[in-house]
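Data block below; observations after.
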Amino acid sequence: MAFNDLLGPADTIASVLVPVAVPGAYTYRVPAGETVVPGTIVKVPLGSREVLGAVWDVEPDTGIDPKKLKYISRVYTHARPIDADLRRFVDWVANWTLAPPGMVLRMVLRSEEALEPEAPVAGVRWVSGRQPDRKTPARARVLDILGDGLAWTKTGLAHAAGVSASVIDGLLAQEVLEVIEMPAAPPPPQPQIDYSRVALTPAQQVAADGICGCFEKGPSVSLIDGVTGSGKTEVYFEAIAEALRRGKQALVLVPEIALTEQFLRRFEQRFGTYPAEWHSEITPKTRVRVWRGVANGEVRVVIGARSSLFLPFLDLGLIVVDEEHDTAFKQDDRVSYSARDMAVVRGHLSGFPVVLASATPSIESRVNADQGRYLRFLLPDRASGAALPDLQAIDMRVEGPERGRWIAPALLSAIRHVFAEGDQTLLFLNRRGYAPLTLCRTCGHRFQCPHCSAWLVEHRFQKRLVCHHCGHFEKVPDTCPSCSSKDTLAACGPGVERVAEEVADLFPQARTLVLSSDIQGGPDRLRREMKIVEEGGADIVIGTQLVAKGHNFPKMKLVGVIDADLGLAHGDPRAAEKTFQLLAQVTGRAGRVTGGGRGFLQTYAPDQPVIRALLSADRDAFYAAEIDARRAAGLPPFGRLVAIVVSGPDKGLAEAYARAVLRSAPPAQDLTILGPAEAALAMVRGRHRYRLLALAPRRFDLQAYIRAWLSAAPRPVKGLRLQVDVDPQHFL
DNA sequence: AGCACGCCGACT
DNA sequence: GTCGGCGTGCTC
């Protein structure tokens, strides 16, 4: 102690962001002989453990008692310090999302192992001239491979020679082979800019040229707005090629891992090699390799989930956000952020182009483009020349099926036709299970979730009633729990299982397949089934939104939407937008490759704007109508929508708190509370969440406002979480 | 008494 | 986010 005090005043101090939920950086002493700069990655003692952190400031002004300061326990000299751009990004995201900066930094430091210097690989080599005592065939094969004098890894050699590792061990024991240190793993193969260029359509060429022209101009956002099959990927591949040409790295964000496989193949066709992948499912080894490669610049292109935004790129020059409208870009737990919006921010901070691509852009991106903040490139036709599917509505009030059936006669005859031709049909219903509601015919009892207020959905295959909100499930009873009568429970409405039952009844000879997220057997099974559909091994597919994304189904000629109104009923202000996006994606599957596709939308309200927009393929009209509708409802079309999510065990407290935040201290009058919306009350793993929607004026600094409110709160608020959901365009 | 479990605050 | 402290309540 006395020793430390003596040395203390001479020590350098540094503020370090630690990966815990504290409001700011902590201060540590820098051990004598070590140098740190802003961004240096370090290990520091925190409480009873050691944690990773990063130096955020050197020699900060702090009022902390110097006696309290501990020493940085390790400086990662081999890892490149986090550069100024990424540090600014971390701070920006922390401020925007009201998250502690250390928690944002945690997303950067995702692989502790990657910070260690790369370990040399042990290899084996033939000691020239040496021969084994007996030359068995296995030994001969090994020596044959090693004949050129090059070193191999033990496992690699065993594999190549088709022998077990013990053969090599035997040769090592006789000192015919020797162990040497090989240089660490060679750099990954580089994408070749001109490996295989495809001819672009005129519209694609205009878009590609426009985006490539942005690289000179500093920050920019381009929206590629193209119908399904219009070749958005080819366009942004040209942007990637341009980034590579300029020696920059590129990042492609996709909403789900499921979409990467097809992307990897297409990338390989264009650039001759695979890009690096980054998402939660990659192996720890790959994680280390990619993190290092991104940091040292050997990895040129990454495709990844939202977390790849926080990778420490050496020189990032382009971000592409594919399917930009997809809500999977929003992270809801821990630091809650929208990866699409934060991609725009990262591009802005570092001064490079960002490309958003979608067949059904989000309203906010459309408005940003309309108002000139984004460039917009329209791809109105399919690149293959195939015609868009011919869509029509079926008015269920006048031409619906008989009671207890869900497929209308018009759709039915179309399925018959397509089936007879040997082509595929997709029946789309975004509802898992057999029936969304079960009731007792005698007393009218309805099965409801004991935790949420949602109806329990019958899953007949599993013989369960399941809450799709919180995951609660129970056995299907024989008798009504309310009136005890036997065999009086009636299933109301369809789920995919029930539609599949109807299909099996109507088309006993057809090969049918149900694709929904609750199929048993994990992601492998799902991949296999997708492949079956892709290769034409199923005639009629009944699927939930799982089938809306990614995969190409070349034989799919007909898409029937069983309930096009589903999802429009609730109080979600984005319901129409989401339904439009989902149904456009789903119906776009029909005839995507070959053309000649047809689609049917079963609806009880064929005149509503969503249906009309889908039928006329006039998307502009839909966007205009939707923007008007939001204005009329007092909602902004985009941009100033603020959702304050407060979570905690007590709904009443959460609501009161959310309202108080928005109403208390000035300038609260600048905010308009719109009331609870979008999942007003949900149960997420046993925790209630309450979401309050409000409007903030364009330049209103909501973050500063909420922080001020929190510090002025009469009593500390516990157990509650805040989340701000705003399009940041206006704030850049 | 001894310990499993859950809540709460501290962590530089 | 994670740990340790301390309270409650139950048992080999």
*asked:* Classify Lys68(A) by what it touches in the nucleic acid, base, sugar-phosphate, or nothing, heavy-atom distance under 4.0 Å.
replied: base
*asked:* Can you confirm whether the side chains of Gln331(A) and Ser336(A) place a donor and an acceptor under 3.5 Å from each other?
replied: no
*Whole angstrom is fine here: how far is it from CE in Met103(A) over to P in dG1(C)?*
5 Å
*Between Lys43(A) (NZ) and dT12(B) (C1'), how many Å, whole number?*
18 Å
*Given atom CZ of Arg49(A) and atom C1' of dG4(C), what is their separation to the nearest angstrom?*
11 Å
*Can you check the Tyr26(A) OH to dT12(B) P distance for me, whole Å?*
7 Å
*When the aromatic ring centroids of Tyr274(A) and Phe263(A) are compared, is their separation below 6.0 Å?*
no
*What is the distance from CZ of Arg106(A) to P of dG1(C), rounded to the nearest Å?*
6 Å
*When the distance from CG of Leu46(A) to C1' of dT2(C) is rounded to whole Å, what number comes out?*
9 Å
*Ser48(A) near the nucleic acid: base, sugar-phosphate alone, or nothing, with a heavy-atom cut-off under 4.0 Å?*
sugar-phosphate
*Salt bridge present between Arg289(A) and Glu277(A) (N-O < 4.0 angstrom)*: no
*Between Thr544(A) and Asn430(A), do the side chains contain an N or O donor and an N or O acceptor separated by less than 3.5 Å?*
no
*Take atom CG of Asp61(A) and atom C1' of dT12(B), then tell me their distance rounded to the nearest Å.*
16 Å
_Nearest-Å distance for atom pair CD/P, residues Glu59(A) and dT12(B)_ = 20 Å
*Please determine, for the side chain of Val22(A), which listed nucleotide (dG1(C), dT12(B), dC11(B)) has the closest atom?*
dC11(B)
